[in-house]
Amino acid sequence: MPRILIVEDEAIIRSALKRLLERHHYSVSEAASAEEARTQPLSDFDLIISDLRLPGEPGTTLIELAAPAPVLIMTSYASMRSAVDALKQGAVDYVAKPFDHTELLETVERILHKQSMQQGTPPDITDGGGGRQTMIGDCTAMQEVYTRIRKTAPADVTVLIQGESGTGKELVARAIHQQSKRAKAPLICVNCAAIPETLIESELFGHEKGAFTGASAARTGLVEAADGGTLFLDEIGELPLDAQARLLRVLQEGEIRKIGSVETRHVDVRLIAATHRDLRALSKSGEFRLDLYYRLNVMQIALPPLREREDDVLKIADILLEKACKRHERPGLRLSRAARQDLRDYPWPGNVRELENALERGVILAEGHLIHPDDLGLGPATNRPHPPAVSPGASTNDDATTADEDDLSLEDYFQHFVLEHQDQMSETELAQKLGISRKNLWERRQRLGIPRKKTARRQN
C-alpha cells in the first residue's frame with residue numbers, strides 16, 4: 001500500500017484530504033508544517049503532498065529533503081507563479097486549490113505509477129552459499145524486470161519466467177522468493193531437464209517403499225520439501241505429461257500423493273516456473289497441458305537476451321572479469337578496446353553464461369596486462385560478420401591501433417551490406433543480421449557517412 005504524507009496547516013483541508021486518500025487505499029500520515037514533517041523519515045514515503053504556503057518554512061523546502069520521494073505542491077490560483085517556481089525547484093507537479101477530487105486522485109495515481117517504474121532497482125540476492133549478489137543492468141528492459149519482481153514478490157501468486165538459456169532465470173526466482181512473505185521458508189530449485197523422465201515423478205512427489213523396482217525405502221518428494229516455501233521448476237517445458245497432471249493437482253487443490261500411496265497430503269507451496277520454450281505452442285502440439293499453462297501464467301516475467309541489453313554487456317563483463325581475475329589470481333587485467341568492441345558487437349547466443357566463459361578464457365590466455373580479442377575465443381556466429389583472424393603477434397600491438405584495424409577490416413562488408421539491404425529491411429532487421437545493436441548500427445553509419453534511407457519500404 002503506497003504511503004503518502006500530507007503537509008497542510010489547515011486541519012479541515014488536511015483531514016478531508018486524508019479521508020479521500022484512505023478511501024482509495026492509500027496509507028496516509030499528516031504534518032501541520034515543514035518543521036513537523038522533517039521529524040519523520042521523508043524518503044520512506046512514496047509521495048509527499050504539501051501546501052506551498054506553510055507557517056515557517058515553505059513547502060518547497062521538503063523537495064530536497066525528501067528525495068528521492070516526489071513532492072506534489074498544493075497552491076491557490078493566486079499563487080500560480082509560485083507553483084511554476086516550485087516545479088523549477090524540483091516539485092513533481094502541482095494542484096490548484098480548491099482541487100477537484102477526481103483530478104487530484106488521477107494526479108496522485110499518475111505520479112505513483114511513474115515513480116514505481118523508475119524505482120526498478122536491481123534486487124540483492126543471497127545465493128546458496130550465503131554470499132550476496134546483485135542483478136546487473138540499467139537498460140529499460142531490465143528496469144521493467146526489477147519493477148515486476150518488486151510488485152510480484154509479495155503477491156504470493158504463481159510466476160512464469162520466460163527467457164533464453166543463460167539469461168538468469170534462477171536469479172529472478174531467488175529474488176522473488178527472498179522478497180516474498182515466504183523468504184524464511186525453503187526455496188527448492190529443480191531443473192526438469194536434468195532429471196530422467198522415469199524418475200521425475202518420484203523426485204517431485206515422492207514414493208512409498210516398494211512402489212517400483214528399486215524403491216527400497218519411502219522418500220519425500222521435492223514438492224513436499226518446499227511446503228511453506230517456494231518451488232522453482234526450471235525448464236518446465238521438459239516436464240512429462242504425467243508429471244504435469246500431478247503438478248496441476250498441486251496448483252488446483254494444494255494436494256500431493258506419493259507414488260504407490262493412496263493417501264493425499266496437503267501442501268502450501270508457491271510455484272515459480274521458468275522456460276525458454278513457447279508453452280502455448282507446445283500446448284497446441286499436445287506436448288504441454290493447456291490447463292497447466294493457464295495455471296502457471298498468472299504473472300509473467302520476460303527476461304531480455306543479452307544482445308538486446310545495449311550497454312549492459314560491458315557493465316556485466318567488467319564485474320565478471322573482476323571475479324575471474326580473483327579466481328585465477330591475475331589482478332589488474334583489463335579488456336583492450338578491440339576486445340570491448342568485440343564483446344559489444346557479438347550476438348551472445350549463450351547470453352550471460354557464454355559471456356562468463358569468454359572472460360574466463362581471456363583471463364587464462366592473456367599475456368601481459370590486456371585481454372585481446374584472440375584471448376576471448378569468440379567463434380564466428382551465423383548472424384555476425386567477423387574480421388579475419390588476428391595474427392599471433394597482434395596481441396602485442398597498442399589496443400587503440402588494434403581497434404582501428406578491426407573496424408577497417410569490417411568497413412567494406414558493412415557498407416556493402418547496408419547499402420544493398422536497407423531498402424528492404426528496417427534498422428532493427430539490419431542490426432540483427434549484422435549481429436550488432438541499433439545504436440552501434442547508427443554510430444557506424446555516422447562514421448562511414450552512410451545516411452539512413454527515408455523512403456518507404458518496398459511494397460509486395
Side-chain angles (χ1 to χ4, degrees), residues 137-145 162-167 276-278 281 302-317 335-355 358 372-374 376-391 394 397 399-460:
D138 298 322
C139 68
T140 303
M142 288 306 294
Q143 294 291 327
E144 293 176 359
V145 170
Q162 292 189 300
E164 296 178 7
S165 178
T167 50
H276 72 283
R277 306 181 70 181
D278 185 343
L303 280 173
L306 193 56
R307 61 183 170 275
E308 295 179 5
R309 292 178 56 180
E310 302 166 359
D311 294 332
D312 282 355
V313 173
L314 296 181
K315 294 177 183 177
I316 297 171
L335 291 162
S336 70
R337 279 170 58 183
R340 293 181 76 83
Q341 188 66 42
D342 239 30
L343 292 178
R344 181 168 176 164
D345 290 349
Y346 188 71
W348 299 112
N351 293 293
V352 178
R353 193 175 294 121
E354 185 182 9
L355 174 60
H372 294 280
D374 271 2
L376 297 172
L378 297 177
T382 55
N383 62 338
R384 171 184 181 248
H386 202 72
V390 182
S391 62
N397 293 345
D399 55 312
T401 304
T402 307
D404 292 339
E405 289 174 356
D406 285 348
D407 286 341
L408 286 172
S409 67
L410 288 171
E411 281 184 6
D412 290 342
Y413 179 92
F414 178 90
Q415 191 163 3
H416 175 77
F417 186 93
V418 172
L419 290 173
E420 183 178 356
H421 295 94
Q422 65 180 353
D423 288 341
Q424 293 82 31
M425 294 183 181
S426 67
E427 291 296 286
T428 299
E429 290 169 338
L430 279 173
Q432 288 176 345
K433 289 294 184 183
L434 288 165
I436 60 178
S437 66
R438 280 175 55 96
K439 180 180 178 183
N440 192 264
L441 173 61
W442 180 83
E443 289 173 345
R444 291 192 180 193
R445 277 186 179 277
Q446 299 301 307
R447 189 170 72 247
L448 299 176
I450 307 174
R452 181 176 174 181
K453 286 282 186 180
K454 300 296 184 181
T455 56
R457 296 179 64 182
R458 187 173 64 184
Q459 302 296 315
N460 291 329

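All values derive from a computational prediction rather than experimental measurement.
Here the side chains of Trp348 and Leu378 are in contact, with some heavy-atom distance below 4.5 Å. Side-chain contact check for Leu306 versus Glu354: every heavy-atom pair is 4.5 Å or farther apart.
In terms of modelled atom types and a separation under 3.5 Å, the side chain of Asn351 and the main chain of Ser165 share a donor-acceptor contact. Glu308 contributes no side-chain N or O that, together with a main-chain N or O of Pro305, makes up a donor-acceptor pair within less than 3.5 Å.
Considering CZ of Arg344 and CG of Asp312, their distance stands at 11.0 Å, rounded to 0.5 Å. Between the CG atom in Asp342 and the NE2 atom in His372 there is a gap of 12.5 Å [rounded to 0.5 Å]. A distance of 3.5 Å separates OG of Ser426 from CD of Glu429, quoted to the nearest 0.5 Å. Separation of atoms OG (Ser336) and CG (Leu376) is listed at 7.5 Å; rounding is to 0.5 Å.
Scanning both residues, Gly137 and Arg309, for their nearest heavy atoms gives CA-NH2, 3.6 Å. The nearest pair of heavy atoms linking Ala317 to Leu335 is CB-CD1, 4.5 Å. Between Thr167 and Pro304, the closest heavy-atom pair is CG2-O, 3.8 Å.
Shown here are the salt bridge (Lys or Arg N to Asp or Glu O under 4.0 Å) partners of Glu164, two or more places apart in sequence or in another chain: Arg307. For His421, the side-chain hydrogen bond (donor to acceptor under 3.5 Å, both in side chains) criterion is met by no residue, not counting sequence neighbours.
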